[in-house]
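Lettering follows sequence order; numbering is per chain, from 1.
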Amino acid sequence: MAGEASIPRYDPAAVETKWQERWERARTYEVRAGDGEPVYVLEMFPYPSGRIHMGHVRNYSIGDVIARFRRLRGERVLHPIGWDAFGLPAENAAIQHGAHPARWTYDNIANMRAQLRRLGFSYDWSRELATCDPRYYRWEQLFFLRMLERGLAYKGRSQVNWCESCATVLANEQVVDGRCWRCDSVVRLRELEQWFFRITAYAEELLRDLDRLTGWPERVVTMQRNWIGRSEGAEIRFPLDGRPGEITAFTTRPDTLFGVTFVSIAPEHPLARELVAGTERAAAVEALAERARLSARDEELVKEGVPTGAFCRHPLTGERVPIFVANFVVMGYGTGAVMGVPAHDQRDFEFARALGLPIMVVIQPEGAPLDPATMTEAWEGPGRMVRSGEFDGLPSEEGKRRVVAALAARGAGRAAMTYRLRDWGVSRQRYWGAPIPVVYCEGCGLVPVPESDLPVLLPEDVVLTGAGGSPLAGHAGFVEVACPRCRGRARRETDTFDTFVESSWYFARYVSPWDDGTPFDRRELDYWLGTRGVDQYIGGIEHAVLHLLYARFFTKVLRDLGYVALDEPFRNLLTQGMVIKDGAKMSKSKGNVVDPDYLIERYGADTARLFCLFAAPPERDLDWSDQGVEGMSRFLGRLWRLVWTVRDRLAPPGAPLPGTMDETARTLHRRTHETIQRVTEDVGERLRFNTAIAAVMELVGAIADVQDDVDPAVLREAVDTVLRLLAPFVPHVAAELWEVAGHPDWIDRAGWPACDTSALVRERIELPVQVNGKLRGRILVAVDASVDDILAAALADENVRAHVGERPVRKHVLVPGRMLNLVV
RNA sequence: GCCGGGAUGGCGGAACUGGCAGUCGCAGCGGACUUAAAAUCCGCGGCGGGGCAACCCGCGUGGGGGUUCGAAUCCCUCUCCCGGCACCA
């Protein structure tokens, strides 16, 4: 090979810098609303922790393949990036190192932005946003005011996780085994005033619309369905005996109402304290409540209860029913009160056994009758009602309806729905978040900040000590304001929003992040989101419930407030798996991280991207392998040398294919188009990038085998096809080699290759032949061979004949083009 | 406990609607080039057996059973692994 000495070494750093600079200078990936088919491809934006990790590389490589692929297909692609920039780590860094959270955050953004650029992702950087920017969060404050007007945001009391030593509320995620993640002291439940979003008002719609999310993975839909947790049943009122008031209990089994032998209420139930006030039982109830509060979340409690000494009346029989405070009843679900039916509920059964309460069977299953004296567990299945007065003999399902109807007729109950989902607590006693725009006036009470006064800016000159409590509370300039209504003395709200609020609507702000007049520019909004929403959303499965549910809720709120025309934010969702190394998720604490910068430096961005895409299908966990990375690097090196080697043999770009082809040319031509077909389907429909890459590798191997002999125009077609198919995966080296191959224009404008189906046609095919379902031979037959010809050819095969023997062929099954089975 | 996902060579993973199990890559082995190594290139490769060889036979997709001309794929059942939720009334 005379030319070999002149082949330049593949230097990823040089190639990648060259093309990144070109794309940037030409603003190749910037886009505005316009003509053509719009496509919105979005990856979950990163928290600016300081450095990107392999999970980011994987996530954004997947997104970039989709964005670049669809762009090459001629669609107009919105592919933005931004920063989920508020949050606790910034505040902790400030406390530990003295850097201001804003400074820390923006420094990190600068670092990570540079890293993302080095990876060559095709983002429209003119749309970059950071949620800690007042130009972003001012709109969130506006949405909040609108929600407040509609009762969708409210202030209410609730049980929250409270760390005594840090003097702050903790999110559920920050409570580890019942202890504070920061100081390790025991977390207690405390009743506090907090801000809430009324997500429960949308529970039904959030549940119902899950059925429309056909582009979502089934497991995410299922997780959300479980999280919303709808159950159908009834609320039943038990009037108190000898005093005013009543207890309302929720049940899914109104058919067991006649089996009630007690009623139990949660330790935090308002009546719990009231019923025992002034009696010697008060201390016992208090102790039970305290133990329930302190117990770790994951341990199984022994059923305990304290009789209140008070009674209520059965709503249908009028019998006296004792009331207990029970440790297994939770205040946060249903009504915080449960009717005790020990024969037909396992928890009630255990409770009754522990406290020696009567067990009454009112549902009799088929077969052996239940006997309370010998039962070892509750019967929770269906059966026929017994000892239930007028309802005796009814099957449970019908019984449920009839009992509810009877209760409703007496005003003693009603059919009811309850959800596991609870309203979203959005206030945090933290500094680094968006201020909640309300003030508290000594005269007027709670007053929303007028829209014209927005944004309520987060002050920068705040001292962060880590001592606990909201840092904003000590900032007189921020806190002390005149009441917008009466001009009197007022105090500003010092809580800030949960950062999940910012991430609930950022996808919509990308349509016009530059717009300071409205949250969303009409034209850009209609074009990019319209009524479709984000066409392809990609992110980690860990957000299956939290972020993805909040964003769905927020979208519906924005719709009802008239800001967007969407019912659902994300049409198609791809949840990528974790990056695993040495059997554990790659993480700093496990010490098994691979630094993306190191990879880029040593192998280049294209190799890093290619490995993340090749090593596993996107939704599965990816097992990291250093040798696997080497393999990808070797492949790109091979490709590089191949293109440089054949470039002088190539017909000019666009040269017509020869009218007749020899066997070699026809085969390569066919394989080229077969590869186009496979890759287009894998990338465009199946989102299986690993098999797409494997297909291109095969074609590269096929080209290498015939590079010196094949027709130059067919070779040109094959080489150009390889580069175009690889452009979404390894954009830099593909762009460079496209130039090397003699194309004057960039590969970005080359379009996606089309499969010529006439090239796929074969004259003869190899057909596997089975005898009684076992493979016994292969025959070469013409594509249009008749059944008789095929049978004759099969029986002419020596091995086939040996297995058929003297036996007659009873039957044959021919799957055209696939196989032939002879049954003897 | 409930819900969901998964189990295929030494490893990551292919096999689209039931039709040649193991594409591609990694690791391995043999060879070429080289004083040598690296890099690169060529070849071999599920397991067991037969054959100088082309090839042939048996077994084989977590275990057991079934449906079918034919099962990694569908059905039943069991085991193990991963994830989510969890006294949810």
**Request:** Determine the contact category for Arg778(A): base if any of its heavy atoms lies under 4.0 Å from a base atom, sugar-phosphate if only primed atoms, P, OP1 or OP2 are that close, otherwise nothing.
**Result:** base

**Item:** Separation of atom CZ in Arg225(A) from atom C1' in rG4(B), rounded to whole Å
**Value:** 12 Å

**d(CG, Asp621(A); P, rG13(B)) in whole Å** = 9 Å

**Asked** Under 4.0 angstrom, heavy atoms only, what part of the nucleic acid is Arg420(A) near: base, sugar-phosphate, or nothing?
**Response** base

**Fill in**
Heavy-atom closest pair (Ala794(A) atom, Leu820(A) atom, distance to 0.1 Å) is CB-CD2, 3.6 Å

**Prompt:** Of Met223(A) and Asn690(A), whose closest RNA chain B nucleotide lies nearer the 5' terminus?
**Reply:** Asn690(A)

**Asked** When we call it a touch if two heavy atoms are under 4.0 Å apart, what does Gln770(A) touch: a base, just sugar-phosphate, or nothing?
**Response** base

**Request:** Using atom CG of Asn772(A) as one end and atom P of rG19(B) as the other, report the distance to the nearest whole Å.
**Result:** 19 Å

**Message:** Applying a 4.0 Å non-hydrogen cut-off, can you work out what Asp348(A) is touching in the nucleic acid: base, sugar-phosphate, or nothing?
**Reply:** nothing

**Prompt:** Atom CH2 of Trp216(A) to atom P of rG4(B): distance rounded to whole Å?
**Reply:** 18 Å

**Asked** When the distance from CZ of Arg620(A) to C1' of rG6(B) is rounded to whole Å, what number comes out?
**Response** 8 Å

**Asked** So what does Glu681(A) touch, heavy atoms closer than 4.0 Å: a base, only the sugar-phosphate, or nothing?
**Response** base

**Request:** Identify, residue by residue, the members of residues 333-345 of chain A with a heavy atom below 4.0 Å from RNA chain B, and return them in order of residue number, or none.
**Result:** Tyr333(A), Val338(A)

**Item:** Any strand: nucleotide that pairs with rU73(B) via Watson-Crick or wobble, under 3.5 Å
**Value:** none

**Message:** Work out how far the C1' atom of rG9(B) is from that of rG5(B), and round it to whole angstrom.
**Reply:** 24 Å

**Prompt:** How would you label the contact of Thr418(A) with the nucleic acid (heavy atoms, under 4.0 Å): base, sugar-phosphate, or nothing?
**Reply:** nothing

**Message:** Filter on salt bridge (Lys or Arg N to Asp or Glu O under 4.0 Å), then keep only pairs touching residues 678-695 of chain A, sequence neighbours left out; what's left?
**Reply:** Arg678(A)-Glu698(A), Asp682(A)-Arg686(A)

**Asked** Using a cut-off of 4.0 Å on non-hydrogen atoms, how would the nucleic acid contact of Arg219(A) be classed: base, sugar-phosphate, or nothing?
**Response** sugar-phosphate

**Request:** Would you mind classifying the nucleic acid contact of Arg688(A) as base, sugar-phosphate or nothing, using non-hydrogen atoms under 4.0 angstrom?
**Result:** sugar-phosphate

**Asked** Under a 3.5 Å cut-off for both distances, is rU23(B) Watson-Crick or wobble paired, and to whom?
**Response** none

**Request:** Sort out for me which residue in Leu636(A), Leu737(A), Leu639(A) forms a side chain to side chain contact (heavy atoms under 4.5 Å, CB included) with Tyr10(A).
**Result:** Leu636(A)

**Request:** Calculate the interatomic distance between Lys774(A) atom NZ and rC59(B) atom C1'; express it in whole Å.
**Result:** 9 Å

**Interatomic distance at C1', rG12(B) relative to rG63(B), whole Å** = 25 Å

**Request:** Quick one: label Met819(A) by what it contacts on the DNA or RNA (base, sugar-phosphate, nothing), any heavy atom closer than 4.0 Å.
**Result:** base

**Item:** Residue matched to rA15(B) through Watson-Crick or wobble contacts both under 3.5 angstrom
**Value:** none

**Request:** Using a heavy-atom cut-off of under 4.0 Å over every strand shown, decide if Arg776(A) touches base, sugar-phosphate, or nothing.
**Result:** sugar-phosphate

Collect all protein-nucleotide pairs involving nucleotides 38-40 of chain B in which both atoms are nitrogen or oxygen and the distance is under 3.5 Å.
| residue | atom | partner | partner atom | Å |
| --- | --- | --- | --- | --- |
| rU40(B) | O3' | Arg641(A) | NH2 | 3.4 |

**Prompt:** Who does rU61(B) pair with, Watson-Crick or G-U, both distances under 3.5 Å?
**Reply:** none

**Request:** Mind checking Gly631(A) for me? I need base, sugar-phosphate or nothing, with any heavy atom below 4.0 Å counting as a touch.
**Result:** sugar-phosphate

**Fill in**
Any strand, both distances under 3.5 Å, Watson-Crick or G-U wobble: rG4(B) pairs with rC82(B)

**Message:** By the 4.0 Å heavy-atom rule, please label Asn821(A) as base, sugar-phosphate, or nothing.
**Reply:** base

